[in-house]
*Asks:* 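This is the structure, below, for whatever I ask next.
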Amino acid sequence: MIDLTGQKFGRLTVIRKAHRRIDHHVAWVCQCVCGNKIETTTRNLQSGNTKSCGCLQRENSSKLRRVNLLGKRFGRLLVIEEEPSKVGDHIVFWKCQCDCGNIVLHNTGTLTSGNTQSCGCLRKDNLKKLIDNNAKDGTMLNQIADTRRKNKNNKSGITGVSWDSSRSKWAAKIVFKQKAIYLGRFDNKRDAINARKKAEEKYFHPILEKFRRDKDNLNVKNYWR
């Protein structure tokens, strides 16, 4: 057991080992600079999870409470009014008007952290831009999705696979960048379907993967709110 007696962690000074354990862990009696005493575990002290008796959190909440955001802008949001909090005095909500005209409520923390920059329209706009960028080369994401739906007029039930009655064979093709690519004719329908699936992996899969990566990057950059 490591003896923490006399050591300081944030606002806490370890006085002695506690007589009891907390969740089966060794606990310590600590004196806070504000005068209060608490008991907490070695893990909480060394990890930094516990730095005071709770006064530090209350002071930070109080500072957050005193922040006046009226008239300030956060992305597309303009703070127009303080909203009475239903959660407690330590959380302040603000009525915000988005550039698109919508009115939304957000608390001080979400606004000042930069996690919220619109009513949600920013996410839609960036998604549209992302789709448009993928469409510049002539391949639309929604067209790729449509090709995976069954066409009721198609006897094979698979988009891109059809029966060629003139040759009595199953024909397979795929449309990529607005051009039809013929994959061959087959005696067996299953072979034609497999050819179509391989072509989707070759032509469609890289585009869909790039879209997912770009979408994840937008999420990381908080462009979705």
Side-chain angles (χ1 to χ4, degrees), residues 1-96 98 104-127 130 208-225:
M1 183 190 70
I2 302 174
D3 188 2
L4 301 182
T5 303
Q7 295 189 35
K8 293 184 177 181
F9 300 89
R11 296 186 174 186
L12 299 175
T13 300
V14 180
I15 301 174
R16 57 177 173 80
K17 181 184 173 185
H19 296 299
R20 67 186 183 96
R21 287 175 173 259
I22 299 177
D23 295 330
H24 306 291
H25 295 287
V26 174
W28 301 89
V29 178
C30 302
Q31 176 86 45
C32 186
V33 294
C34 70
N36 291 332
K37 291 182 180 180
I38 63 166
E39 293 183 4
T40 188
T41 64
T42 304
R43 178 182 299 178
N44 285 337
L45 291 169
Q46 292 182 330
S47 66
N49 288 337
T50 304
K51 297 180 179 180
S52 73
C53 65
C55 61
L56 182 59
Q57 182 179 358
R58 290 192 294 271
E59 287 179 15
N60 289 335
S61 297
S62 179
K63 291 178 182 179
L64 199 62
R65 169 74 187 171
R66 291 194 295 268
V67 174
N68 185 8
L69 302 184
L70 193 63
K72 293 188 177 182
R73 176 172 285 275
F74 300 89
R76 296 184 177 184
L77 297 175
L78 177 65
V79 181
I80 58 176
E81 186 180 346
E82 181 177 343
E83 187 76 9
S85 175
K86 297 180 180 179
V87 181
D89 291 337
H90 62 290
I91 299 180
V92 180
F93 280 86
W94 301 90
K95 185 180 291 185
C96 305
C98 188
V104 291
L105 287 178
H106 289 294
N107 63 51
T108 303
T110 57
L111 290 171
T112 56
S113 67
N115 290 333
T116 301
Q117 300 180 24
S118 76
C119 66
C121 62
L122 185 58
R123 178 183 186 277
K124 295 178 182 178
D125 289 348
N126 280 292
L127 180 58
L130 190 58
L208 293 175
E209 284 301 308
K210 180 179 182 300
F211 175 77
R212 292 190 186 99
R213 289 195 301 270
D214 292 342
K215 185 177 177 182
D216 290 340
N217 288 335
L218 289 180
N219 276 322
V220 170
K221 295 178 181 178
N222 291 321
Y223 287 165
W224 291 88
R225 295 190 179 187

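All of these numbers come straight from a predicted model, not from anything done at the bench.
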*Asks:* List in chain and number order the residues that pass side chain to side chain donor-acceptor pair (under 3.5 Å) with T13, two or more places apart in sequence or in another chain; answer none if no residue qualifies.
*Replies:* none
*Asks:* Atom CD of Q7 and atom OG1 of T42: how far apart are they, to the nearest 0.5 Å?
*Replies:* 9.5 Å
*Asks:* Give, for atom CG of L12 and atom SG of C34, the distance between the pair rounded to the nearest 0.5 Å.
*Replies:* 8.5 Å
*Asks:* Let me check something: any side-chain donor-acceptor pairs from residues 45-55 under 3.5 Å, sequence neighbours excluded? List them with distances.
*Replies:*
| from | atom 1 | to | atom 2 | distance (Å) |
| --- | --- | --- | --- | --- |
| S47 | OG | R43 | O | 2.7 |
| S47 | OG | N44 | O | 3.4 |
| S47 | OG | N49 | N | 3.4 |
| S47 | OG | N49 | ND2 | 3.0 |
| S52 | OG | G54 | N | 3.1 |
| S52 | OG | L56 | N | 3.2 |

*Asks:* Run Q117 and L77 through side-chain contact (heavy atoms from CB on, under 4.5 Å) and show every step you take.
*Replies:* CA-CA 6 Å; Q117 300 180 24; L77 297 175; 6.0 Å; no
*Asks:* Distance check, rounded to the nearest 0.5 Å: C96 atom SG versus L111 atom CG?
*Replies:* 4.5 Å
*Asks:* Any chance you could measure L105, atom CG, to T116, atom OG1, to the nearest 0.5 Å?
*Replies:* 12.0 Å
*Asks:* Report the distance from atom CG of L78 to atom NZ of K72, rounding to the nearest 0.5 Å.
*Replies:* 12.5 Å
*Asks:* What do the steps show when you test C30 against T40 for side-chain contact (heavy atoms from CB on, under 4.5 Å), and what is the final call?
*Replies:* CA-CA 8 Å; C30 302; T40 188; 4.2 Å; yes
*Asks:* For a quick test of reading the model, state the closest non-hydrogen atom pair linking N107 to F93 and the distance between them.
*Replies:* N-CD2, 3.8 Å
*Asks:* Between atom CZ of R16 and atom CD of E39, what is the distance when rounded to the nearest 0.5 Å?
*Replies:* 7.0 Å
*Asks:* Does the N68 side chain pair with the main chain of L70, one donor and one acceptor, at a distance under 3.5 Å?
*Replies:* yes
